[in-house]
Amino acid sequence: MPVTTSANQGTHLSARTEVRGEGEAHPGPATRWGPDYDALRRQDPELAGLLLAELDRQSTGLQLIAAENFTSPAVLAALGSPFANKYAEGYPGARHHGGCELVDLAERLAAERATVLFGAQHANVQPHSGSSAVLAAYAALLRPGDTVLAMALPQGGHLTHGSPANFSGRWFDFVGYGVHPKTGLIDYDKVSDLARKHHPKAIVCGSISYPRHPDYAAFREIADDVGAFLIADAAHPLGLVAGGAAPNPVPYADVVCGTTHKVLRGPRGGLILCGADLAERIDRAVFPFTQGGAQMHTIAAKAVAFGEAATPAFAAYAQQVVANAQTLAAGLADEGLTVTTGGTDTHMITADVAPLELDGRTARARCAAARVVLDTCCLPYGAAPPAPTTGIRLGSAAVTTQGMGEAEMGRIAKLVGAALREDTKVRTEATELTRAFPPYPAAQPGAEPG
Ligand SMILES: *Cc1c(COP(=O)(O)O)cnc(C)c1O
C-alpha cells in the first residue's frame, strides 16, 4: 500500500523521498537526479494522478491538433534535468550569475545547431514561446505606433499579428492582408497595394491556418519595394523547413520567428533567426527588454531537438508528415468536407464542415466523443462572429511521429467522417489505432511512467 505523508509539504521538492515504515518519511539527500515518478506519486498522488491520466489520454486518442507533437524521451530527459535549477540571465560569456560555465556551453550548442540547421547567421534560443519571439522581433525593429502589415486575424493571422486583445494590436498600427476569395491563396497583388498605400515599417508573413507555402521571394520583393523589414513568423512550418520539406524563409526574411514545439518536435519554446547585422538588436530585445532569466532546461532540450532534426530520419519524417496530410486532406474531401485551397503543402489541413450542416464546435465535440482531438478555426470567408465558425483544423505531425502512414490517414479520414455523422460504430476505433501506434511504447496506458 503506498504510504503518503505530508512531511515534504512546504519544503522544496527533494528528488527522492524515502518512505520507510508507516507514516515515517525521510526526505533525506537526493539519490536520483532525473524524474522520479514513484517519488512524485508517493508525495503528491493528486498531481501524479493527473499526470498519469494525461499520459493515458494521449495514448488512447488521436491527437490531430496541428500545433502539437510528441517529443522524444531524450527531449523530455533534458527538460526534467538539473538545468532547471540554474539561473542564467544574460548570454553565454556575459551572465549576471555565477556558475554558468556549463549552461553557457549548452546554450552555445543549441544556438550553433540552430544556425547550421536553418542556414542562419545568428540564432537566439531564449524566447520562452513563439509569442515571446514575435514580441522581441517587434521590439528589435519597431517603435510603438509603427505600422505593420500582417495577415488579418480572420484570414489566419496569429494573435501577435494585431489582435486588439494582444500587445501587438495595442502598441502597433496593424493593417491586414488576406487570401483570394476564390483560390484561398495569399493575394500578393493586394499585399503589394496595401504596402504601397500604408508604408509599413515591417511586413509579417506567417499564419496559424494557411495550409500552403508562403512565397517568401514575393514578400521580400514587396518589402524591398516599400523599405519595410520582413518578419517571417514560421512557427508552424519551421519543423518542415528543418527536414527539407518546406521552403526556408531564412534567405529572404530579416528576422525569422518560430516555435520549437510544433512540427519541430522539441520542447515548448521559441526561437529567433537573423542575420549578423541584426544579432545584437535581437539579443537585447529578448534579454533584458522582454525577458529575464533564460530557461536553461528548455534550451538544453532545444539543443537535443535540433540535433534530432538534423538527422536523415527527421528529413524522412518531415516528408512523411506532408504526404500524410495530403492523404488525410483527400480523404476528408471524400467524406464531404470542403478542404480549404483543395489540399495542403504542409502538415496542416483546414476544412469547412458546413456541407455536413454542422458548425465547428459541434464538429469538434463529435470528434472528441470519438477520441479524435482537433481544433476549430476561422475560415477566411466564413460566417462572421457571433455566428459560429464552420471551420476545423487538423495536423499530421503527432500521428506521423507515432509511425502512422498513408494507410492510417485513410482510416482517420473515414473515422472523422463517421464521428461527424455520429456513427457510434467507430467509438473504439481511434483508441485501437492509437494503441497500435503508441506515442511512448514503453508506457502502456495505465502503467507507471518509467
Ligand atoms: C504557434 C504560433 C505562435 C505562438 O506560439 P506560442 O508558443 O503559443 O506563443 C505565433 N505565431 C504563429 C504563426 C504560430 O503559429
Side-chain angles (χ1 to χ4, degrees), residues 63-69 71 75 79 114 124-139 148-163 165-169 172 174 176-179 186 202-214 216 219 230-242 246-247 249 253 255-273 285-286 290-291 294-295 298-299 301-302 305 321 325 340 344-350 374-378 380 391 393-398:
Q63 309 302 320
L64 298 177
I65 303 236
E68 291 183 1
N69 212 330
T71 59
V75 166
L79 275 176
N124 187 307
V125 294
Q126 291 195 4
H128 299 330
S129 69
S131 298
S132 315
V134 176
L135 169 60
Y138 294 168
V148 184
L149 179 59
M151 193 171 235
L153 263 59
Q155 300 265 323
H158 184 255
L159 282 169
T160 53
H161 303 173
S163 162
N166 183 263
F167 74 89
S168 54
F172 302 102
F174 271 83
Y177 63 82
V179 298
I186 292 171
I203 298 175
V204 180
C205 60
S207 164
I208 59 168
S209 58
Y210 190 63
R212 299 293 178 174
H213 299 314
Y216 296 117
F219 273 111
L230 181 61
I231 300 172
D233 184 2
H236 268 281
L238 207 56
L240 297 176
V241 174
V255 175
V256 175
C257 299
T259 56
T260 47
H261 51 270
K262 295 181 182 174
V263 187
L264 193 48
R265 215 160 69 181
R268 310 201 71 74
L271 168 72
I272 304 179
L273 304 164
V286 174
T290 58
Q291 290 189 177
Q295 305 209 350
T298 306
I299 289 173
K302 287 174 186 175
V321 165
T340 314
T344 180
D345 295 333
T346 65
H347 61 296
M348 188 193 291
I349 300 147
T350 64
L374 45 73
D375 289 317
T376 59
C377 77
C378 281
R393 188 186 72 161
L394 308 81
S396 60

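In listed order, ligands and their atoms are each counted from 1.
Using modelled atom types, one side-chain atom of T340 and one backbone atom of T350 make a donor-acceptor pair closer than 3.5 Å. In this structure, the side chain of S132 does not engage the main chain of P127 through any donor-acceptor pair within 3.5 Å. Panel note: side chain T344, backbone P211; a donor-acceptor pair is recorded below 3.5 Å. Distance alone, capped at 3.5 Å, places no donor-acceptor pair between the Q126 side chain and the V286 backbone.
Looking only at side-chain heavy atoms (C-beta outward), V255 and I272 come within less than 4.5 Å of each other.
Atom numbering of ligand 1 starts at 1 in the shown order; those under 4.0 Å from a heavy atom of H261 are 7 (O). Interface of S131 with ligand 1, defined as ligand atoms under 4.0 Å from a residue heavy atom, comprises 4 (C), 5 (O), 6 (P), 9 (O). Short contacts between ligand 1 and S207, defined as distances under 4.0 Å to a heavy atom of the residue, involve ligand atoms 13 (C). Of all atoms in ligand 1, listed by their number and element, those nearer than 4.0 Å to a heavy atom of T259 are 5 (O), 7 (O). Near S129, the atoms of ligand 1 lying under 4.0 angstrom from a non-hydrogen atom of the residue are 7 (O), 9 (O).
Not a single heavy atom of R268 sits closer than 4.0 Å to an atom of ligand 1. Under a 4.0 angstrom heavy-atom cut-off, D233 registers as being in contact with ligand 1. Proximity of A67 to ligand 1 is not established, as no heavy-atom distance is less than 4.0 Å.
When the heavy atoms of G206, G157, A232, G130 are ranked by distance to atom 7 (O) of ligand 1, first place goes to G130.
At a heavy-atom distance under 4.0 Å, no atom of C257 approaches ligand 1. Looking at A235 against ligand 1, only its side chain comes within 4.0 Å, counting heavy atoms.
In this structure, CD1 in I186 is found 12.0 Å from CZ in R212, a value given to the nearest 0.5 Å. Interatomic distance, CD1 of I231 versus CD1 of I203, reported as 10.0 Å (0.5 Å rounding).
Looking at residues two or more places apart in sequence or on another chain, you find a side chain to side chain contact (heavy atoms under 4.5 Å, CB included) between Q63 and R57, E68, F70, V373, A398.
In this structure, atom 3 (C) of ligand 1 lies nearest to the protein heavy atom H158 NE2, 3.3 Å. With hydrogens left out, the protein atom closest to atom 14 (C) of ligand 1 is K262 NZ, 3.0 Å, a heavy atom.
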Sequence neighbours left out, cut at 3.5 Å: what donor-acceptor pairs do the side chains of residues 151-159 make with other protein atoms?
| from | atom 1 | to | atom 2 | distance (Å) |
| --- | --- | --- | --- | --- |
| Q155 | OE1 | V179 | N | 2.6 |
| Q155 | NE2 | P380 | O | 3.3 |
| H158 | ND1 | T160 | N | 3.1 |
| H158 | ND1 | T160 | OG1 | 2.8 |

